[in-house]
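This report concerns only the one structure given below.
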Amino acid sequence: MMDHNHVNCETLLGSLSEYIDGELSPELCREIEKHLAGCDNCRVVLNTTKRTIDLVQSPTEAIPVPDDVRERLFKRLNLDDYLKPKSQ
Amino acid sequence: MVNPTSQELSLEKLRAGDRAEIARMVDEFSGPVYRLGLRMLGNQQDAEDVLQNTFMNALMHLSEFEGRSSLATWLYRIAANEALMLIRRRKPEVNIEDLQADDSDAELTPHQFVDWSGLPEDELLSEEGKKALDEAIQTLPQNLRMVFVMRDVEGLSIKDTADALGLTETNVKTRLLRARLHLRERLSAYYAERSEHLIREDKNDGS
Ligand SMILES: [Zn+2]
């Protein structure tokens, strides 16, 4: 408890998300980076987790609403008269 | 998510039932709502149901919307409820208590240490790669998936995700970490197996 900044694999894992999102203090980041420098496994977990998030955020994953789905939605909402000008 | 060039929606007009404004709102938010449905239910038909039910519900209650949260958060909240209701109907065996439960006993420890993060983008986002990613997301427990979809797929803040789902921010963070690690584990297993295949194929080609 005294050495609360000491980072091991377990504590790193617990802070991984916040580390990736840049929500940790600079001190804690430094401790984490110190651990990462000497721990292959944690480095792999960090890299692949970051990559996983990148992939789901890639624009190709942003599926648009298909035209027929949009059309049925507007009909259901009685907004058919506003169907045409999708991108004005 | 929101097109920054489009003129901001007028809450006043929306509450007053201005149909042109409502149509604009529908176009602005139908993408995120549809994708939420797609990710949560895993098929287009159910995603369309979530989409229609969300906006039917929203239009019915628009006049009562007080603007304490943003319009986006409010719509996400409705969409999340519609998605959960449909999940309940589709898979009655899923205990809805699980969705609220604190999943502190869920497995966090990584087992896969293959570093596939350096693979080229066109391989990771090939048809096959995307399929693996989609399938991995579908294996997330619903409570984790909902948080993951809002935060990492649609890019909501931790706070907005918490507001939309009625969770604490701490709870959202915990679920997000679990979701990310679960997905990472799945994808790592997939790429580990794949690289073994490729190595084996290379050997077969050589002989
Ligand atoms: Zn470590």
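Lettering of chains follows the sequences in order, A, B, ..., and the numbering in each one begins at 1.
For the pair B:Glu48 and A:Arg76, the salt-bridge criterion is not met [side-chain N within less than 4.0 Å of a carboxylate O]. A salt bridge does not link B:Lys173 with A:Asp21: none of the charged nitrogens is closer than 4.0 Å to a carboxylate oxygen.
By the neighbour-count criterion of 12 heavy atoms within 6.0 Å, atom CD of B:Glu169 is densely surrounded, having more than that number from other residues, nucleotides or ligands. For A:Lys50, the NZ atom counts as loosely surrounded, since its 6.0 Å shell holds 12 or fewer non-hydrogen atoms of other residues, nucleotides or ligands. Open room surrounds CD on B:Gln44; 12 or fewer heavy atoms of other groups in view lie less than 6.0 Å from it. Remark: B:Glu64 CD is packed, more than 12 non-hydrogen atoms of other residues, nucleotides or ligands lying under 6.0 Å away.
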Side chain to side chain contact (heavy atoms under 4.5 Å, CB included) between A:Val56 and B:Phe148, intermediate numbers included: CA-CA 10 Å; A:Val56 296; B:Phe148 178 78; 3.8 Å; yes

Criterion side chain to side chain contact (heavy atoms under 4.5 Å, CB included) on B:Trp116 and A:Val44, from CA distance to verdict: CA-CA 9 Å; B:Trp116 50 270; A:Val44 170; over 6 Å; no

Test log, rule side chain to side chain contact (heavy atoms under 4.5 Å, CB included), inputs B:Leu181 and A:Val45: CA-CA 8 Å; B:Leu181 288 175; A:Val45 171; 4.1 Å; yes

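When all heavy atoms are compared, the tightest approach of A:Tyr82 to B:Ala23 is CB-CB, 3.5 Å. Scanning both residues, A:Leu73 and B:Ser30, for their nearest heavy atoms gives CD2-CB, 4.1 Å. Here the closest heavy-atom approach between residue A:Leu13 and residue B:Pro110 is recorded as CD2-CD, 3.5 Å. Smallest separation of non-hydrogen atoms from A:Pro64 and B:Tyr34: O-CE2, 4.1 Å.
A:Arg51 places no side-chain N or O within 3.5 Å of a backbone atom of B:Leu124 that could act as its donor or acceptor partner. B:Arg184 places no side-chain N or O within donor-acceptor distance of the main-chain N or O of A:Thr49, the cut-off being under 3.5 Å.
When each of B:Leu183, B:Leu38, B:Val153, B:Leu51 is checked for heavy-atom pairs under 4.5 Å with chain A, B:Leu51 comes out on top. The choice from A:Leu77, A:Asn78, A:Ile20, A:Asp54 that makes the most heavy-atom pairs within less than 4.5 Å of chain B is A:Leu77. With respect to chain B, the highest number of heavy-atom pairs below 4.5 Å among A:Leu79, A:Val69, A:Thr48 belongs to A:Thr48. Looking only at heavy-atom pairs under 4.5 Å with chain A, the residue among B:Leu187, B:Leu125, B:Leu119 that has the most is B:Leu125.
Contacts between A:Arg43 and chain B at a heavy-atom distance below 4.5 Å are absent for every atom of the residue. Using a 4.5 Å cut-off between heavy atoms, B:Ala20 touches chain A through backbone and side chain atoms alike. Only the side chain of B:Arg39 has a heavy atom closer than 4.5 Å to any heavy atom of chain A. Only the side chain of A:Ser58 comes within less than 4.5 Å of a heavy atom in chain B; its backbone stays farther off. Proximity to chain A (any heavy atom under 4.5 Å) is shown, for B:Glu185, by neither the backbone nor the side chain. For B:Val114, the part lying near chain A is the backbone, with the side chain staying farther off; criterion is any non-hydrogen pair under 4.5 Å. Using a 4.5 Å cut-off between heavy atoms, A:Glu23 touches chain B through its side chain atoms alone.
Taking OG1 of B:Thr109 as the reference point, atom CD of A:Glu10 lies at 7.5 Å (rounded to 0.5 Å). One distance of note links NZ of B:Lys130 with CG of A:Leu55; it measures 11.0 Å at 0.5 Å rounding.
In this structure, a donor-acceptor pair under 3.5 Å is present between the side chains of B:Arg180 and A:Ser17.
Counting heavy atoms from C-beta outward, A:Glu18 and B:Leu177 have side chains that stay 4.5 Å or more apart.
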